[in-house]
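First comes the structure, then the notes that go with it.
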Amino acid sequence: MDAKGALKHYALVGLGFALMVAALYMVFIYVPTDKNTGAVQRIFYFHVPLAWIGFLAFFVVFVCSILYLTKRDVRWDTIASASAEVGVVFTSLVLITGSVWAKAAWGIWWTWDARLTATLVLWFTYVAYLLVRHYVTEDSQRARLSAVLGIVGFIDVPVVALAVMLWRTQHPGAIIFEGGLVPSMLFTLIVCIVAFTVLYFVLVAQSTRLKNMEADIRNIKDIRMD
Amino acid sequence: MRGSLSKVLAIFWKDILLEIRTKESVTAILVFALLVLVIFNFAFEPETATMNLVAPGILWVAFTFAGVLGLNRVFAIERENSRLAGLLLCPIDPMLIYWGKLLGSFTFMFAIEIIVTPIFLVLLNLPLFLPRLLLIIVLATLGFTSVGTLFSALANNIRARDIMLPILFLPIVVPVIIAAVEATALVLQSSPWGDMMTWLQIMIAFDIIYLVVATLVFQYVVEG
Amino acid sequence: MDETESALTAWAIEVEALSKSFGRNRALSNIDLKIGRGEHVIVFGPNGAGKTTLVKVLSTLSKPSSGTVRVDGEDIRSDPVKVRRRISLVSHDTFLYDNLTVYENLRFYGKMHDVPDLEENVREVIARVRLEPRLHDRVGILSHGMQQRVSIARAIIHNPSILFLDEPEAGLDPQAVVMLRDVLESVNTPERTIVMTTHNLRQGVEMGDRVVILDRGKIVYQASRDDIDTVNFYEIYQSYTGTGE
């Protein structure tokens with residue numbers, strides 16, 4: 001990495017760190033406690049950004065998959081793989097934070113609520129994507145097959161969302177958010193979303209760089225062996 | 001165009017002929033689907049009230065699992081003896097291979113469903129003549145096989161392909177499963193047509209999306 | 001139309017700076033090769049030298065990582081379907097369906113290639129490989145050598161101008177190999193270009209107009225038959241590949 005790249009990288013990490021500290025301060029000290037659900041509602045400031053970033057991550061996989069198949073540049077495959085990994089981690093956290101909140105608010109860990117169900121289906125789709133990456137050993141084949149999955153998986157998202165939404169209207173469930181959002185809550189939420197978005201970019205950039213380094217090392221080893 | 005159709009049909013006819021010769025897929029999978037129906041009767045209280053509630057789910061679980069088994073075999077035939085290479089060496093667009101294979105997997109799955117469904121209706125003392133159920137089966141099967149044929153080719157390249165196919169396939173077809181189960185429930189309750197329109201629309205949308213996308217990306221799955 | 005077009009190019013196959021990598025493994029590196037019309041080129045090399053990969057790339061089954069390949073003047077990347085009309089491949093796998101008869105297999109591949117007068121052509125190619133009595137037998141019950149002959153019939157049913165043979169004798173017993181060679185002689189028309197990979201040094205040298213030795217993805221030796229010391233070819237092969245395989 002050149003000096004300019006390093007500078008950019010540290011600026012991004014610094015920005016992410018500052019935003020994250022601000023977000024933590026706002027979530028735990030600044031924002032008032034929700035009248036209906038109490039302190040546990042604060043998890044919502046992590047839950048919503050995680051969900052949004054999870055979705056963004058899979059959209060990036062989708063775009064990179066199309067770019068890989070059309071341009072055949074391995075960089076797109078590397079970014080897709082990094083983004084899918086971050087996306088699966090974030091989506092897992094969405095499911096966990098969602099469950100914690102549901103237990104406190106509704107008294108149950110899990111309900112087949114439309115959003116929860118759609119998120120779970122999404123999680124399975126991208127876990128399968130990562131499994132395929134794991135099972136295919138040849139690099140160009142792995143890139144090709146996972147790009148196909150990155151496309152096929154993502155276009156399913158709106159159909160899944162629509163189907164589970166209709167499914168749940170047939171079986172009425174609990175209402176997700178009771179009291180409205182006061183301005184300070186909305187502001188906190190926005191800061192959290194920005195903080196997590198920056199975190200996403202830092203993680204994907206780091207992971208991409210790591211994967212590139214691994215590839216370089218393997219190449220150097222191969223040249224040595226010749 | 002006519003030349004393309006004749007090649008799609010040539011691939012389809014070859015698969016039918018192989019199946020008639022060996023009777024490998026359809027018979028075994030048929031028995032499996034019937035077994036799933038029977039096993040579910042042990043899982044639930046076999047009272048009329050309970051069964052009416054869970055019947056659509058049982059039917060579609062049986063079809064989904066039978067479908068996965070069948071789809072596993074779609075490209076397994078072409079893997080042996082490098083036959084896929086033989087097909088790819090033919091002067092045709094690879095998407096025609098997808099369509100030929102899709103036609104075959106649709107026919108096999110539909111054949112199984114058309115035998116299993118009356119048995120299922122008899123076991124549950126339901127009316128036998130349900131044209132609307134037939135429509136649901138056609139739409140859902142098209143959805144299953146459009147995605148499944150693509151994934152069958154994809155899983156063919158992967159280690160642990162037998163287990164990877166359902167892991168890839170099931171999350172994607174969730175909308176079809178939901179729509180088929182809900183629509184079937186409405187048919188069994190003799191609800192009016194209007195009630196099940198949304199579910200039919202979801203299946204039609206799914207079918208169109210995946211037929212188009214799978215046709216476009218299939219070449220990337222089989223290229224060397 | 002195709003005939004006049006292809007008549008314009010002197011070479012059946014032109015390979016320039018071809019490389020093929022599988023991930024980090026370089027299977028072929030910087031191959032240059034020109035094969036004339038009607039020429040018979042035999043490619044030798046130890047296991048893993050890249051012989052099969054070369055055949056796969058030339059026959060459009062595998063995409064080159066870099067470099068260009070023209071078959072009958074046609075770039076294999078820009079119009080693979082056009083290329084596939086003119087080529088065919090016999091490999092150690094036969095591509096045949098065991099549970100279909102010889103006739104059904106040939107008919108299927110004939111249809112896929114838009115072969116005109118299919119009935120007549122099936123009879124002609126099966127006569128060429130001398131298996132008329134087995135036409136309506138299932139391929140699965142035939143011996144391996146016979147299956148390989150059916151595979152040759154399959155490969156020539158659309159009268160390709162270029163025939164690739166990738167170790168066609170692999171796994172066959174000596175008698176079957178002799179039979180296979182006779183059959184190959186009989187499908188050998190003056191205008192048909194043949195590229196064959198093999199392990200069998202003695203027979204290979206006899207069959208080819210030119211021999212090429214491939215080692216670790218590179219062409220390490222090539223010469224026309226007239227220039228080779230056929231008696232000492234084994235020593236030549238050994239000195240270039242470092243193996244007597």
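Sequence lines set the chain letters: A, B, ... in the order given, protein chains first and strands last, and positions in each chain run from 1. Note that this is a predicted model, so its numbers are computed, not measured.
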State the [atom1]-[atom2] distance between [X] and [Y], to the nearest 0.5 angstrom.
X        : Y        : atom1 : atom2 : answer
A:Gln141 : B:Leu154 : CD    : CG    : 9.0 Å
B:Leu165 : B:Ile158 : CG    : CD1   : 9.0 Å
A:Glu85  : A:Leu130 : CD    : CG    : 6.0 Å
A:Ile193 : A:Leu50  : CD1   : CG    : 10.5 Å

Parallel, tilted or perpendicular: which describes the rings of A:Tyr126 and A:Tyr129, with under 30° parallel and over 60° perpendicular?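 The arrangement is tilted - the two ring planes meet at 30° to 60°.
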Quick check on [X] against chain A: is it the side chain, the backbone, both or neither that has a heavy atom closer than 4.5 Å?
X        : result
B:Ile172 : both
B:Ala160 : side chain
B:Leu170 : neither
B:Val217 : both
B:Val174 : side chain

[X]-[Y] aromatic ring centre distance below 6.0 Å:
X       : Y        : value
B:Phe65 : B:Phe32  : no
A:Phe90 : A:Tyr200 : no
B:Phe63 : B:Trp60  : yes
A:Phe55 : A:Phe154 : yes

Is there a side-chain contact between A:Phe58 and A:Thr91, using heavy atoms and a 4.5 Å cut-off?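 Yes. Closest side-chain heavy atoms under 4.5 Å.
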Under 4.5 Å from a heavy atom of chain B, the part of [X] involved:
X        : value
A:Thr117 : neither
A:Val157 : neither
A:Val148 : side chain

Under a 4.5 Å heavy-atom cutoff, which of B:Phe206, B:Tyr210, B:Phe218 has the most pairs with chain A?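 Sorted descending by pairs with chain A, the first entry is B:Tyr210.
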With chain B, which of A:Leu162, A:Val121, A:Val160, A:Val152 has the greatest number of heavy-atom pairs at distances under 4.5 Å?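 Top count of heavy-atom pairs under 4.5 Å with chain B: A:Val152.
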Give the C-alpha distance, both sets of side-chain angles, the deciding distance and a yes or no for side-chain hydrogen bond (donor to acceptor under 3.5 Å, both in side chains) between A:Glu138 and A:Ser140. CA-CA 6 Å; A:Glu138 201 261 287; A:Ser140 62; 2.9 Å; yes
Is there any residue in residues 62-80 of chain A with a non-hydrogen atom under 4.5 Å from a non-hydrogen atom of chain B, and which ones are they?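 If one takes a 4.5 Å heavy-atom cut-off, the residues of residues 62-80 of chain A near chain B are A:Leu69, A:Arg72.
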